[in-house]
2 protein chains.
Amino acid sequence: MTIEARGALSREAVLEAAARLVKEHGPDALTMRRLAAELGTAVTSIYWHVGGREALLDALVERTVAELGEIRPCAGTPEQRVVGVARALRRQLRDHPHLVALVHERGLTERMFLPAQQVLVCEAHAAGLRGARAAEFVRAVQFQVVGHVLVERNRERAPVQHPGEEELWGAETAGADPALARALARPVDTERLFVTSVRALVRSLLPQPPAMPTRPADAAG
Amino acid sequence: MTIEARGALSREAVLEAAARLVKEHGPDALTMRRLAAELGTAVTSIYWHVGGREALLDALVERTVAELGEIRPCAGTPEQRVVGVARALRRQLRDHPHLVALVHERGLTERMFLPAQQVLVCEAHAAGLRGARAAEFVRAVQFQVVGHVLVERNRERAPVQHPGEEELWGAETAGADPALARALARPVDTERLFVTSVRALVRSLLPQPPAMPTRPADAAG
DNA sequence: ACCTGAACACCGTTCAAGT
DNA sequence: ACCTGAACACCGTTCAAGT
């Protein structure tokens, strides 16, 4: 439909049109023929500039990863900062569902997390964690955050569930704990669960500052 | 190539052939035409028995989810049992990469976890957790496990990384903590990280028993 | 009820030919 | 160097026709 400004078809123009196509109509809409129509060129011209479909997707995904990977530091305690980084990353991933779908499919969701690693390392150090233990902390958080986002996406794509949590946790299955059954029958508050989980992980893996007077939590690495 | 035993093409036979095709050659190999050739029938016969490709995939995935979702209880402390369930589920997912790829694509990885929910509820109760807090625990573990598996898959599908952790954490970036840099430059031991993370989450969210008499030397893997 | 082939409307990719 | 149309080898799906 929309014909691009003609003349001098460039690699950049192709990528831009491809990105727009994906953003507006989803990854499936990105076919070589449709893209060519959008650009007002022959299908084969695209091959000259960016190569085949795989190469085009590679370039598109690389672009997205670089853009969304940017991370800016926050303030607060180490725990708060880690949660902040996690939430920022999650938001960016959720704000571009179609482009990120491509990133997921190509297995590069993880790759996007690399810039955030540095921030996490700082927080680990600030909390007194070093060496292999710090590395483990960084990776645990990384897997946790990316994993959560992938699960959310998985849930959103899921068709109608077939027992489904609602039926599975109906009145009689509840047994001795109706409050739990009610909670599990409700849809998940993913934002809340996300923060809870990240916080729980951080609290277990990061040495906690003395803070409360009651009992000394070990400050030793 | 391999022609099925002819006569009386059934829905079951179609599903079985489709499953074998996916298992042996991956989801991309499952085309209507190839499947028909494998069965020794006309392409259109498949449409009569199972409907179009989407319906076929639905049936296939439903089947896989039901098979892999089975869960058998283990022994030990609540923490050990939760970790046991988590590991069992992870193993099953990793043992059938091709079929599970279909499950992932259709957004049903999560659905497979439903049977395990009951086990987790028991453990939550055994540890003295009830109501909404127990529900939160169950879901946190669920997201954690499924998320980890999805991340692992994501990593495996990823092409060559482009800074890549190795370069990113080369000698000079390390700064004050060369041990950490070395650890992050090494490939991840996903099994170990998985157990560490699940354990960390459980320890944060599950009320811990008094246990040791002297003092809890926590966090030590 | 079950199976068929032909046909339709799509794909991605290649290639010889143009300027 | 850049762009083109024609052609190839695939797709999933529909449909009228067979038994």
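Order of the sequence lines sets the chain letters (A, B, ...), proteins ahead of strands, with each chain counted from 1.
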Applying salt bridge (charged side-chain N to carboxylate O under 4.0 Å, His left out) to B/Arg157 and A/Glu105, what does each step give before you reach the verdict? CA-CA 8 Å; B/Arg157 313 188 74 210; A/Glu105 275 161 32; over 6 Å; no

Going through the checks in order, is the salt bridge (charged side-chain N to carboxylate O under 4.0 Å, His left out) test met by B/Arg106 and B/Glu54? CA-CA 10 Å; B/Arg106 312 223 110 209; B/Glu54 286 302 289; 2.5 Å; yes

Might you work through the salt bridge (charged side-chain N to carboxylate O under 4.0 Å, His left out) test for A/Arg94 and A/Glu156, ending with a clear yes or no? CA-CA 11 Å; A/Arg94 310 202 83 240; A/Glu156 280 156 17; 2.2 Å; yes

For every nucleotide of nucleotides 13-18 of chain D, 5' to 3': is a protein heavy atom under 4.0 Å from its base (B), only from its sugar-phosphate (S), or from neither (-)? BBB---

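When the P atom of C/dA9 is taken as reference, atom CZ of A/Arg34 falls 18 Å away, rounded to whole Å. Going from atom CG of B/Leu35 over to atom P of D/dC11 covers 12 Å, rounded to whole Å. Atom CD of B/Glu12 is separated from atom P of C/dC2 by 15 Å (rounded to the nearest Å). Between A/Leu9 atom CG and D/dA1 atom P there is a gap of 16 Å when expressed in whole angstrom units. Taking atom CZ of B/Arg11 as the reference point, atom P of C/dA1 lies 17 Å away to the nearest angstrom. The distance between atom CG of A/Leu57 and atom P of C/dG12, rounded to the nearest whole Å, is 10 Å. Computed from coordinates, the A/Asp28 CG to D/dG12 P distance equals 14 Å when rounded to whole Å. Distance, B/Trp48 CH2 to D/dG12 P: 21 Å, rounded to whole Å.
For the pairing with B/His104, the side-chain contact (heavy atoms from CB on, under 4.5 Å) check across B/Val146, B/Asn154, B/Thr109 returns one residue only, B/Thr109.
Base pairing in DNA chain C yields stems of at least 3 consecutive Watson-Crick or G-U pairs, both distances under 3.5 Å, namely C:4-8 with D:12-16, C:12-16 with D:4-8.
Residue B/His49 has no polar side-chain atom (N or O) positioned under 4.0 Å from OP1 or OP2 of C/dA1. For the pair A/Thr31 and C/dC11, the criterion of a side-chain N or O lying under 4.0 Å from OP1 or OP2 is met.
Partners of A/Arg63 according to the side chain to side chain donor-acceptor pair (under 3.5 Å) rule, which considers only residues two or more places apart in sequence or in another chain, are A/Glu12.
Side-chain contact between B/Val121 and A/Leu184: present, with at least one pair of heavy atoms (C-beta onward) separated by less than 4.5 Å. Between A/Glu79 and A/Leu206, every side-chain heavy-atom pair lies at or beyond the 4.5 Å cut-off. The shortest side-chain heavy-atom distance between B/Leu60 and B/Leu30 falls under the 4.5 Å cut-off.
A donor-acceptor pair under 3.5 Å is absent between the side-chain atoms of A/Arg90 and the main chain of A/Val149, judged by distance alone.
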